Amino acid sequence: MRKVFIEPSLLSANFANLERDISLCEKGGADMLHLDIMDGCFVPNITIGPVVVESIRKITTLPLVCHLMINQPERYIENFVSAGADYISIHCEGQIHINRTLEAIRGFGKKSGLALNPGTPLEFAYENAQFCDFILLMSVNPGFGGQSFIPTFFRRSESLKNFLVKNGLEQVLIEVDGGVKVDNVQEVVRAGADMVVSGSGLFNGNLIENLMLMRKEIEKVLK
Ligand code: DX5
Ligand code: ZN
């Protein structure tokens, strides 16, 4: 049976009270936590690094998904693994030796992901899918929370799903990130998303309630 994972993005959490917000994520039934790592070069924003990931690792057993929006991510894979990341995605636009880095992530026994910006050709995903446990199709240009969903995601996700099925790679999960909320999650899941990231869509308002509403919407599609 198909399972869809809900991943709150802590970028929209209260960084002065992460422990409380993470515990609310757990109570609301989040499947994993999405951590946005930004370096001020690959994207204009700067967020957190391995030190914060390590602190988060100590207060939750939820799988930690580190989305590396950094140039030359190969330099930091080991740091994020040691900090406690379970899933690590790298952007193909910030990486020259894509499959080498994906294999390095797997070499540490972690789930490897390749992330594509909305304007990046899907060929990057096709060429590297065999080295991936998940492929992240961005539905906003990365850098900030609270941006509007870019609808080209739908056809991109459908094409990628078809490719994966045709090539015996159904086990590779599709992750969506950016502008996903309770009111568009059904369409997103119908288009093939298996890992749903949501920041402002969950944290604006009542987090637990939003998580439960999102789960209900997803279940309607899976029925
Ligand atoms: C954007 C980040 C996202 C962001 C999503 O660059 O990768 O994870 O937190 O936030 P929302 O869901 O508010 O678009
Ligand atoms: Zn992200």
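Note that the coordinates shown come from a computational prediction; the quantities given were computed from them, not determined experimentally. For reference, positions follow the sequence shown, starting with 1. Just follow the structure's listing: the first ligand is 1, and inside any ligand the first atom is 1.
Put simply, the residue from T101, I105, N128 that forms a side chain to side chain contact (heavy atoms under 4.5 Å, CB included) with L114 is N128.
A donor-acceptor pair is defined here as one N or O able to donate and one able to accept, closer than 3.5 Å; such a pair exists between the side chain of N184 and the backbone of K181. Side-chain atoms of Q147 come within 3.5 Å of backbone atoms of N141 as a donor-acceptor pair (strictly under, hydrogens ignored). Under a 3.5 Å cut-off, the side chain of D21 and the backbone N or O of N14 do form a donor-acceptor pair. Under a 3.5 Å cut-off, the side chain of D177 and the backbone N or O of M138 do not form any donor-acceptor pair. Side-chain N or O atoms of R106 include none that pairs as donor or acceptor with a backbone N or O of G109 at under 3.5 Å.
Residue-to-ligand polar distances place G146 within reach of ligand 1: an N/O pair is separated by less than 3.5 Å.
When the Zn ion (ligand 2) is compared with the N/O/S atoms of D36, atom OD1 turns out nearest. In D177, the N, O or S atom that comes nearest to the Zn ion (ligand 2) is OD2. Among heteroatoms of the N, O or S kind in H67, ND1 lies nearest the Zn ion (ligand 2).
Closest to atom 13 (O) of ligand 1, if we only count protein heavy atoms, is S200 OG, 2.5 Å. The protein heavy atom nearest to atom 14 (O) of ligand 1 is G179 N, 2.8 Å. From the protein, the heavy atom lying nearest to atom 6 (O) of ligand 1 is G143 N, 2.7 Å. What sits closest to atom 2 (C) of ligand 1 on the protein, heavy atoms only, is D36 OD1, 3.4 Å. Distance from atom 12 (O) of ligand 1 to its nearest protein heavy atom, with residue and atom name: G199 N, 2.8 Å. At the top of the distance list for atom 3 (C) of ligand 1, counting protein heavy atoms only, stands D177 OD1, 3.0 Å. Among protein heavy atoms, the minimum distance from atom 1 (C) of ligand 1 is reached at F144 O, 3.5 Å. The protein heavy-atom contact nearest to atom 10 (O) of ligand 1 is G145 CA, 3.6 Å.
Side-chain N/O atoms of E175 and S89 include no donor and acceptor closer than 3.5 Å. Side chains of N204 and S12: no donor on one and acceptor on the other come within 3.5 Å.
One finds no salt bridge joining K110 and D133 here, because no Lys/Arg side-chain nitrogen approaches an Asp/Glu carboxylate oxygen to under 4.0 Å. Looking at E217 and K220, a side-chain N of the basic residue comes within less than 4.0 Å of a carboxylate O on the acidic one, giving a salt bridge.
Relative orientation of the H67 and H34 rings is tilted, given thresholds of 30° and 60° on the angle between their planes.
Counting the atoms of ligand 1 from 1 in the order shown, those under 4.0 Å from a heavy atom of M38 are 6 (O). Heavy-atom proximity to H34, at under 4.0 Å, picks out these atoms of ligand 1: 8 (O). Taking a cut-off of under 4.0 Å to the non-hydrogen atoms of P142, the atoms of ligand 1 that pass are 6 (O). Those atoms of ligand 1 with a heavy atom of G178 less than 4.0 angstrom away are 14 (O). Annotation for ligand 1: atoms under 4.0 Å from non-hydrogen atoms of M69 are 6 (O), 7 (O). Of all the atoms in ligand 1, the ones that sit under 4.0 Å from a non-hydrogen atom of S198 are 12 (O).
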Original post:
So D31 and K3, side chain to side chain contact (heavy atoms under 4.5 Å, CB included) or not? Walk me through it.
Top reply: CA-CA 11 Å; D31 297 296; K3 167 105 181 109; 3.5 Å; yes
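When heavy-atom distances to ligand 1 are checked against a 4.0 Å cut-off, S9 comes that close only through its side chain, counted from C-beta outward. With a 4.0 Å cut-off on non-hydrogen atoms, H67 touches ligand 1 through its side chain and not its backbone.
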